[in-house]
Structure formats: structure tokens, C-alpha cells
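Just so we're clear, the structure is a prediction, and the values are computed from it rather than from any experiment.
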Amino acid sequence: MTSLVETLKNLRSIRKMAHYSCNVNVMRSGNEDELTTVSSEELVPGDVIEVPENTNMPCDLILLTGSCIVNESMLTGESIPVIKNSLPFINDIYDVDADSKYTLYGGTKVI
């Protein structure tokens with residue numbers, strides 16, 4: 001019974017993360033000079049956003065510049081925050097598995 005209750009609790013938590021939204025500053029192609037605040041529900045592939053501090057990531061992102069510290073404990077179970085660095089500009093194609101150290105995953109907490 002305890003296992004069933006815990007499983008239901010985890011499913012509700014995952015469902016809640018899937019419906020998470022927040023406001024983000026986004027720079028879209030054609031308007032590279034200014035940041036516009038939009039809801040994370042309006043993000044589309046190719047948008048460049050400013051990573052918000054002290055918040056949960058609204059979606060999966062590739063870190064293009066800078067670095068950040070994220071808490072991925074809800075995904076990986078690790079209790080230690082992870083440092084993510086920017087994607088190096090090389091001529092390789094982005095690979096989800098090989099380039100995970102440059103990826104910020106939705107639902108993780110940015111510290």
C-alpha cells in the first residue's frame with residue numbers, strides 16, 4: 001500500500017512539472033536587438049532565452065554562453081548540484097546523449 005501511495009505521489013509531481021510555466025526573456029530571430037518577456041508556453045524551437053535564476057527550467061535548453069549550476073536531483077537522484085558549461089562551437093552535430101553536459105533539462109532547478 002505504501003508503494004502505491006508513493007507511486008501516485010510521484011506521478012502527480014511529474015504531471016505538475018509538465019504543466020509548469022513561467023515568464024522568460026526571449027530574443028527571437030528578426031528582432032535580435034531586444035529581449036521580450038513571454039510565457040514559457042509560447043516558446044518555440046530556435047528561441048534564445050535568458051536563463052532565469054532561482055527557478056525551475058520550463059523546458060529543455062542548450063546553454064550557448066556562460067555557465068550555470070543546476071540541481072538535477074529530481075531527474076538523476078544525485079544530491080550534488082551540477083555545473084553546466086556552454087556548448088563549444090565546433091562543427092559537430094549536437095547529440096542529446098553525448099552533449100548532456102551542455103543541456104539544461106526541463107524541471108531542474110537553476111541555482
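Thr103 contributes a side-chain N or O that, together with a main-chain N or O of Asp99, makes up a donor-acceptor pair within less than 3.5 Å. Remark: side-chain polar atoms of Ser40 are paired, donor with acceptor, to backbone N or O of Cys22 under 3.5 angstrom.
Distance check: Ser3 OG to Leu8 CG gives 9.5 Å after rounding to the nearest 0.5 Å. To the nearest 0.5 Å, atoms CG (Leu61) and CG (Leu43) are separated by 7.5 Å. Residue Leu87 holds its CG atom at 7.5 Å from OH of Tyr94, rounded to the nearest 0.5 Å. Distance OG/Ser100 to CG/Asp95: 9.0 Å, rounded to 0.5 Å. Atom-to-atom distance recorded for Lys9:NZ and Leu4:CG is 13.5 Å, nearest 0.5 angstrom.
Nearest approach of Val24 to Pro52, heavy atoms of both residues: CG1-CG, 4.5 Å. Annotation for Tyr102 and Asn85: closest pair CD2-O, 3.3 Å, computed over non-hydrogen atoms. The shortest non-hydrogen separation linking Lys109 to Asn54 is NZ-O, 3.5 Å. Scanning all heavy atoms of the two residues, the minimum distance from Lys101 to Lys84 falls at O-CD, 3.4 Å. For Tyr105 against Val96, the heavy-atom pair with the smallest separation is OH-O, 4.2 Å.
With sequence neighbours excluded, the residues satisfying side-chain contact (heavy atoms from CB on, under 4.5 Å) with Thr37 are Asn23, Asn25. Shown here are the side-chain hydrogen bond (donor to acceptor under 3.5 Å, both in side chains) partners of Glu42, two or more places apart in sequence or in another chain: there are none. Here Ser73 pairs with Asn71 under the side-chain contact (heavy atoms from CB on, under 4.5 Å) rule; sequence neighbours left out. The side-chain contact (heavy atoms from CB on, under 4.5 Å) check on Glu6 picks up Asn10, with sequence neighbours excluded. With sequence neighbours left out, the salt bridge (Lys or Arg N to Asp or Glu O under 4.0 Å) criterion links Asp60 to no other residue.
Met27 and Met57 are assigned to two separate hydrophobic clusters, defined by single-linkage of ILVMFWY side chains at heavy-atom distances under 4.5 Å. Each of Val51 and Val48 belongs to its own hydrophobic cluster when Ile, Leu, Val, Met, Phe, Trp and Tyr are linked at side-chain heavy-atom distances under 4.5 angstrom. Placement of Leu35 and Val38 in two distinct hydrophobic clusters is found when ILVMFWY residues are connected by side-chain heavy-atom separations under 4.5 Å, directly or transitively.
Here the side chains of Arg28 and Thr36 are not in contact, with every heavy-atom distance at 4.5 Å or above.
Counting non-hydrogen atoms of neighbouring residues, nucleotides and ligands closer than 6.0 angstrom, the CD1 atom of Ile80 reaches no more than 12 such neighbours.
When hydrophobic residues (I, L, V, M, F, W, Y) are linked wherever their side-chain heavy atoms come within less than 4.5 Å, the members clustered with Ile83 are Ile69, Ile111.
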